[in-house]
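Below: one structure, written as structure tokens.
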Amino acid sequence: MKPDRVVDISLIKDAAQPTLRVTVPRGTALAETVKLQPIISDILGKLKGCPACTSGMPIWIQEREEIENIVRVDLDRMQPI
């Protein structure tokens, strides 16, 4: 599996209500993104406790940005890792 062909699905709980974030590789066609619908529906059903109910939770779909990690820091030791 190529890392640039991976979709990340995350639950963001920092808003008034949870949001499902779907991050797709840059350049992913909408037709390909739509194919994720069964997986997203399954996740939403489990989160809401009702497999038939998938409404009421925002879904944010974004293309993966070109991010380069410069430094990661261990907060306990305040040292780069």
Side-chain angles (χ1 to χ4, degrees):
M1 167 180 17
K2 293 169 44 176
D4 59 342
R5 294 287 303 154
V6 173
V7 173
D8 295 317
I9 300 176
S10 308
L11 181 64
I12 302 171
K13 294 184 176 182
D14 63 351
Q17 68 178 10
T19 300
L20 201 64
R21 181 176 66 189
V22 180
T23 307
V24 299
R26 184 166 299 286
T28 301
L30 180 59
E32 194 168 17
T33 302
V34 170
K35 292 177 184 178
L36 295 167
Q37 185 273 326
I39 295 169
I40 292 169
S41 291
D42 183 56
I43 292 168
L44 289 176
K46 290 175 182 173
L47 288 171
K48 296 181 75 56
C50 175
C53 179
T54 60
S55 65
M57 183 177 296
I59 301 172
W60 179 27
I61 298 175
Q62 74 177 117
E63 283 190 321
R64 183 173 292 117
E65 297 181 18
E66 301 299 324
I67 298 174
E68 186 174 329
N69 289 329
I70 304 297
V71 174
R72 294 180 70 204
V73 176
D74 179 326
L75 287 174
D76 291 332
R77 296 182 306 130
M78 295 307 277
Q79 296 289 321
I81 50 176

Residues M57 and T19: closest non-hydrogen pair is CG-CA, 4.4 Å
What pair of heavy atoms forms the shortest contact from P58 to P18, and how long is it? CD-O, 3.4 Å
Partners passing side chain to side chain contact (heavy atoms under 4.5 Å, CB included) against S10 (at least two apart in sequence or in another chain): R21
Can you measure from CG (D42) to CD1 (I9) and round to the nearest 0.5 angstrom? 10.0 Å
Any V7 side-chain heavy atom under 4.5 Å of T28 side chain: no
Among I12, L20, T23, V22, exactly one meets side chain to side chain contact (heavy atoms under 4.5 Å, CB included) together with W60. Which residue is that? I12
What donor-acceptor contacts under 3.5 angstrom involve side-chain atoms of residues 74-81, with partners at least two apart or in another chain?
| residue | atom | partner | partner atom | Å |
| --- | --- | --- | --- | --- |
| D74 | OD1 | D76 | N | 2.8 |
| D74 | OD1 | R77 | N | 3.2 |
| D74 | OD2 | R77 | NE | 3.2 |

Just grab all the salt bridge (charged side-chain N to carboxylate O under 4.0 Å, His left out) pairs involving residues 29-40, residues at least two apart or on different chains. R5-E32
Let's go through I59 and L44 carefully: what are the C-alpha distance in whole Å and the side-chain angles of both, what is the deciding distance for side chain to side chain contact (heavy atoms under 4.5 Å, CB included) to 0.1 Å, and is it a yes or a no? CA-CA 10 Å; I59 301 172; L44 289 176; 3.8 Å; yes
